[in-house]
Amino acid sequence: MEDLHLGMLLFLIAAGFIAAFIDSVVGGGGLISLPALLFTGLPPQIALGTNKLASTMGSLTSSISFIRHGKTDKNLLSKLLPLSIIGSAIGVYVVQKIPSESLKPLILVVLIVVTIYTLTKKEWGIHSTYNGLTKKKLLFALFIVPLIGFYDGFLGGGTGSFFLFSFLLMGFDFVESAGNAKVLNFGSNLTALIVFLYYDSVYYLYGLVMGIAMILGAYIGSRVAIAKGSNYVKILFVLVSAILIGKNIFDYITNP
């Protein structure tokens, strides 16, 4: 690898900040950070591991911010976090055996359904209607959380958005859903990072530089989301979902 020169340093800092600002609220930051790391010349597997190092730093920061401002359900998350971690670990293991591209058509369909549903529910997620963990919600969470954790370890793009949507279905508003989603996303990110470290697939220099920028982006992004409220988060969620759909369609057309 070449030494990190000023231009590359500024590029990674800018990409990391923007990616974490978006990702701290609705997920999807990997759409920016991973291509940026690939642009530096890193091999794909190393870029994936390096991105997990940086994104873990960002997701930890935003998780702490949401927790400190009371925008998470700690009791619920204590039950769901282990499921996210287990799912992610299985996903990282399986991706070593099965090409991740096999999931892309299904993910595209899910993203379209999620976006349409959010757009048609005008007042959905603006105010919280969550009043405790019922048996029905528990069964839903036991199914969906490890599944999304598995997806994060297996493929990854849009994990935060899927977690956020799941909490919306449980009755949380957009800000609370974003806070809960980031905690679970941190768990799945950290698990995947540990596996990438085991396989020596992390370039620390780039990862730490981008990670420091992500800490700042995540801190500011989560604070803006908390201050501006659910309407702001909903708009950003729809925009990022639309971008994810566009990227998946482009990938599917160019690499059928």
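Hydrophobic clustering (ILVMFWY, side-chain heavy atoms < 4.5 Å, transitive): Ile235 and Leu119 are in distinct clusters. Hydrophobic clustering places Tyr206 together with Leu6 (ILVMFWY residues linked when any side-chain heavy atoms are closer than 4.5 Å, directly or through intermediates). In terms of hydrophobic clustering, with Ile, Leu, Val, Met, Phe, Trp and Tyr side chains grouped at heavy-atom distances under 4.5 Å, Ile126 and Val233 are assigned to different clusters. Residues Ile112 and Leu239 are members of separate hydrophobic clusters, defined by side-chain heavy-atom contacts under 4.5 angstrom among Ile, Leu, Val, Met, Phe, Trp and Tyr. Both Phe174 and Leu77 are members of a single hydrophobic cluster when ILVMFWY side chains are connected at heavy-atom separations under 4.5 Å.
Atom CG of Leu48 sits about 13.0 Å away from atom CG of Leu53, to the nearest 0.5 Å. Here the OH-CD1 distance, from Tyr199 to Ile194, works out to 13.5 Å after rounding to the nearest 0.5 Å. We find the CG-CG distance between Leu190 and Leu60 to be 8.5 Å, quoted to the nearest 0.5 Å. Atoms CG and CG, on Leu142 and Leu147 in that order, are 12.5 Å from each other to the nearest 0.5 Å. Summarising the geometry, atom CG belonging to Leu164 is positioned 12.0 Å from atom NZ belonging to Lys234; distances are rounded to the nearest 0.5 Å. For the atom pair CZ (Phe162) and CG (Leu184), the distance works out to 15.0 Å, reported to the nearest 0.5 Å.
Judged by distance alone, the side chain of Tyr198 and the main-chain N or O of Ser201 form no donor-acceptor pair under 3.5 Å. Put simply, the side chain of Ser88 never gets that close to the backbone of Ile85: no donor and acceptor are under 3.5 Å apart. Judged by distance alone, the side chain of Lys71 and the main-chain N or O of Gly179 form no donor-acceptor pair under 3.5 Å. Remark: the backbone N or O of Leu81 is not paired with any side-chain donor or acceptor of Ser84 at under 3.5 angstrom. Between the side chain of Asp23 and the main chain of Gly58, no donor-acceptor pair closer than 3.5 Å is present. At least one donor-acceptor pair closer than 3.5 Å links the side chain of Ser63 to the backbone N or O of Ser59.
Listed by chain and number, the residues in a ring-ring contact (aromatic ring centres under 6.0 Å, His included) with Tyr204 amount to none (sequence neighbours excluded). With sequence neighbours excluded, no residue forms a ring-ring contact (aromatic ring centres under 6.0 Å, His included) with Tyr232.
For the residue pair Ala36 and Met210, the shortest heavy atom distance occurs at CB-CE, 4.1 Å. Between Ser65 and Ser222, the closest heavy-atom pair is OG-OG, 3.0 Å. Closest approach of Leu193 to Gly49, counting heavy atoms only: CD1-O, 4.0 Å. For the residue pair Thr115 and Ser241, the shortest heavy atom distance occurs at OG1-CB, 3.2 Å. Shortest non-hydrogen contact noted between Phe66 and Ala225 is CZ-CB, 4.5 Å. Summarising the geometry of Ser33 relative to Asn51, their closest heavy-atom pair is OG-OD1, 2.5 Å, with the distance given to 0.1 Å.
With a 4.5 Å cut-off on side-chain heavy atoms, Met170 and Leu138 do not count as touching. Looking at heavy atoms from C-beta onward, Leu31 lies in side-chain contact with Leu244 at the 4.5 angstrom threshold. Considering only heavy atoms from C-beta on, Val94 comes within 4.5 Å of Ile90 through its side chain. Annotation: side chain of Phe196 is in contact with side chain of Gln45 (closest heavy-atom distance under 4.5 Å). Side-chain contact between Ser230 and Asp173 is present, with at least one heavy-atom pair separated by less than 4.5 Å. Considering only heavy atoms from C-beta on, Lys74 comes within 4.5 Å of Ile67 through its side chain.
Note on ring orientation: taking the six-membered ring where Trp is involved, the planes of Phe165 and Phe237 are parallel (angle under 30°, cut-offs 30° and 60°).
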Go through the steps to decide whether His69 and Val175 satisfy the test side chain to side chain contact (heavy atoms under 4.5 Å, CB included), and finish with yes or no. CA-CA 11 Å; His69 286 83; Val175 175; over 6 Å; no
Working for side chain to side chain contact (heavy atoms under 4.5 Å, CB included), residues Phe172 and Leu76: CA-CA 12 Å; Phe172 291 95; Leu76 178 60; 3.8 Å; yes
Please step through side chain to side chain contact (heavy atoms under 4.5 Å, CB included) for the pair Asp73 and Tyr130, ending with a clear verdict. CA-CA 10 Å; Asp73 188 314; Tyr130 180 78; 3.4 Å; yes
What's the verdict on side chain to side chain contact (heavy atoms under 4.5 Å, CB included) for Phe140 and Ser166, showing C-alpha distance, side-chain angles and the deciding distance? CA-CA 9 Å; Phe140 170 73; Ser166 299; 4.2 Å; yes
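Checked against Phe163 for a side-chain contact (heavy atoms from CB on, under 4.5 Å), the options Asn180, Leu80, Val145 give a single hit: Val145.
Between Lys52 and Asp152, at least one side-chain N (NZ, or NE/NH1/NH2) sits under 4.0 Å from a carboxylate O, which counts as a salt bridge.
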Which atom pairs, donor and acceptor, lie under 3.5 Å between side-chain atoms of residues 9-17 and protein residues at least two apart or in another chain?
none

